[in-house]
Q: 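Next up is a structure, given as structure tokens.
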Number of protein chains: 2
Amino acid sequence: MEVLERKPRSREQTRSGIIKTAKDIARREGWQSVSIRKIADAIEYSAPIVYEYFDSKDVLLDEIRQEGFRHLRHEYERINKLYRDPEKRLYEISMVQWEFALQHPEMYQVMYNLDGAFCTMPVYESEETQAVSSLIQEIIFSFIPKSKQSIQRLFFEWWSISHGMITLAMMLRGHQSIEQSQQVYQESMRRFARSLK
Amino acid sequence: MEVLERKPRSREQTRSGIIKTAKDIARREGWQSVSIRKIADAIEYSAPIVYEYFDSKDVLLDEIRQEGFRHLRHEYERINKLYRDPEKRLYEISMVQWEFALQHPEMYQVMYNLDGAFCTMPVYESEETQAVSSLIQEIIFSFIPKSKQSIQRLFFEWWSISHGMITLAMMLRGHQSIEQSQQVYQESMRRFARSLK
DNA sequence: TCAGGCAGTTTAACACCGTTAACTGAGCTA
DNA sequence: TAGCTCAGTTAACGGTGTTAAACTGCCTGA
């Protein structure tokens, strides 16, 4: 009984240990130097063990990507409960997006195939991204009840500004301070949210 | 004499052949499957020959990146000669940016480290990017003579919207048609250019 | 004619990669 | 005790970037 209970738990621990290790290495050395063998070494197993938890490196990366979008979705839902005003909601969600990218750059990289992170699964086909998308589209709809097409365009605009500024801010870090980029980001996202009224 | 003249020319041909082959493979199979040996096979040489033209895969990618920015700079200069109105200039430059990304996705990928393309050289430290940046900043300045800081912010905004929409349009291709994305892009860039007046 | 040198090119090797098959050894059951 | 199961290992395959050593063929000087 003890063994039966400890086994699955330890298995789950190993699994999340693999994910955590992959992210740790990526954070320290970049995704291009994350390898199955390095992960295995870190969790004190041999390489083939990793394949008992993930069919390939690709699905391991996809899992991390999904984790990222899931995390964002939870944050967005939290904000939706916290605020009623759609403008406030959209602005706060934008800020969460920014903070997430800065705090977990290695996740943001694999979510968008940036800087050596490469996952072949198409981003937009995952449930988690669809959920995040429609969550934000609903917020936009709630104070601009337009056609589905118009909402999709506004969402595309919002996403583009947010993602574009985040990636360029990271790229230009060192040439333009993060604080300065963040100020422009805040201003732009506030302006966008206000413009919807 | 003939030999002395033909030798350097053939060397230059080999060099550009390497670059062309790398881009061809990247276009067909993605950057993650571009390898020195594949390139060497295609140009009918053995792998070490490639290293007589490029010190490493990294500088080969950087060369391609620089070529991309150089190409953009020439296009921007062409437009600057073609139009006087800063608003028109900025809009046309935005459109060139879009067309370039669609026509040469493999270059756009290596310029911004997207989708498996990974070059360790920092983008913003190259002369070519600096040149492109200040070219656009000058256009913005020419009808909004504000402080250097303000111009930099506006340029950061412009670049973010453009780059964000281009990358998301490519990512969402299949879920949202390119034509639809392009329409939103055109509208947004036009609105941005107009807003500067 | 032969030896030497030199440029261009290839082979072979190193250490790494993702991935899979075959093997090991310990614990449990019949 | 013999056999089975199963977690975990080693070893291998074909690939990667990169480098050193070896080779090939030609031109030159003796």
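Keep in mind that the numbers below use all heavy atoms, side chains included, and drop hydrogens, waters and symmetry copies. Values in this document were obtained by computation on a predicted structure and should not be read as measured data. Chain A is the first sequence line, chain B the second, and so forth, proteins listed ahead of strands; every chain is numbered from 1.
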Q: Taking atom P of dA7(D) as reference, at what distance in whole Å does atom CD1 of I43(A) sit?
A: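 Rounded to whole Å, this separation is 15 Å.
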Q: From the options dT18(D), dT10(C), dG8(D), select the nucleotide whose nearest atom is closest to the side chain of I36(B).
A: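 From the listed options, dT18(D) comes nearest.
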Q: Does a side-chain N or O of Y45(B) approach OP1 or OP2 of dT10(C) to a distance below 4.0 Å, or not?
A: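 The answer is no; no side-chain N or O of Y45(B) sits under 4.0 Å from OP1 or OP2.
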Q: Tell me which nucleotide among dT10(D), dT11(C), dG17(D) gets nearest to the side chain of P48(B).
A: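 The closest nucleotide is dT11(C).
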Q: May I have the distance from D41(B) (atom CG) to dG17(D) (atom C1'), rounded to whole angstrom?
A: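 Result: 15 Å.
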Q: Which of the following nucleotides, dG8(D), dA21(C), dT9(C), is nearest to the side chain of S46(A)?
A: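 For the S46(A) side chain, the nearest candidate turns out to be dG8(D).
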Q: Which nucleotide sits closest to the side chain of E52(B): dT9(C), dT18(D), dC17(C)?
A: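 Among the listed nucleotides, the one closest to the side chain of E52(B) is dT9(C).
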Q: CZ of R11(B) versus P of dG8(C): gap in Å, rounded?
A: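 The distance from CZ of R11(B) to P of dG8(C) comes to 8 Å, rounded to the nearest Å.
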Q: Return the nearest nucleotide to the side chain of Y51(B); candidates are dG18(C), dT19(D), dT16(D).
A: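 Of dG18(C), dT19(D), dT16(D), dT19(D) is nearest to the side chain of Y51(B).
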Q: So among E77(A), E127(A), E63(A), which one has a salt bridge (Lys or Arg N to Asp or Glu O under 4.0 Å) with R70(A)?
A: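 Result for salt bridge (Lys or Arg N to Asp or Glu O under 4.0 Å) with R70(A): E63(A).
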Q: Can you tell me the distance, in whole Å, between the CZ atom of F54(B) and the C1' atom of dT19(D)?
A: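 From F54(B) CZ to dT19(D) C1': 19 Å.
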Q: Scan D62(B), I36(B), V50(B), I39(B) and name whichever one has a side-chain contact (heavy atoms from CB on, under 4.5 Å) with K57(B).
A: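 Among D62(B), I36(B), V50(B), I39(B), the one meeting side-chain contact (heavy atoms from CB on, under 4.5 Å) with K57(B) is I36(B).
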Q: Just the rounded figure in Å: distance from C1' of dT19(C) to CG of L60(A).
A: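 Distance, rounded to whole Å: 14 Å.
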Q: Could you check whether V34(B) gets within reach of a base, just the sugar-phosphate, or nothing at all, counting any heavy atom under 4.0 Å?
A: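 Answer is sugar-phosphate: V34(B) comes under 4.0 Å of backbone atoms only.
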Q: Quick one: are I19(B) and K23(B) in side-chain contact, heavy atoms under 4.5 Å?
A: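 Of all side-chain heavy-atom pairs linking K23(B) with I19(B), at least one is under 4.5 Å.
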Q: Taking the ring centre of each residue, are H163(A) and H163(B) less than 6.0 Å apart?
A: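 No.
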Q: Within this structure, what is the CG-to-C1' distance between D58(B) and dT18(D), rounded to whole angstrom?
A: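 Computing the D58(B):CG to dT18(D):C1' distance gives 13 Å.
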Q: Using whole Å, what does the distance between atom C1' of nucleotide dA13(C) and atom CZ of R37(B) come to?
A: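 The answer, rounded to whole Å, is 10 Å.
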Q: Please report the distance, rounded to the nearest Å, between CD1 in I39(A) and P in dC16(C).
A: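 Value for this atom pair: 16 Å.
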Q: Check whether the side chains of Y185(B) and S160(A) place a donor and an acceptor atom closer than 3.5 Å, and report yes or no.
A: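 No donor-acceptor contact under 3.5 Å links the two side chains.
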Q: Among dG17(D), dT16(D), dT9(D), which nucleotide sits nearest the side chain of I49(A)?
A: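 Output: dT9(D).
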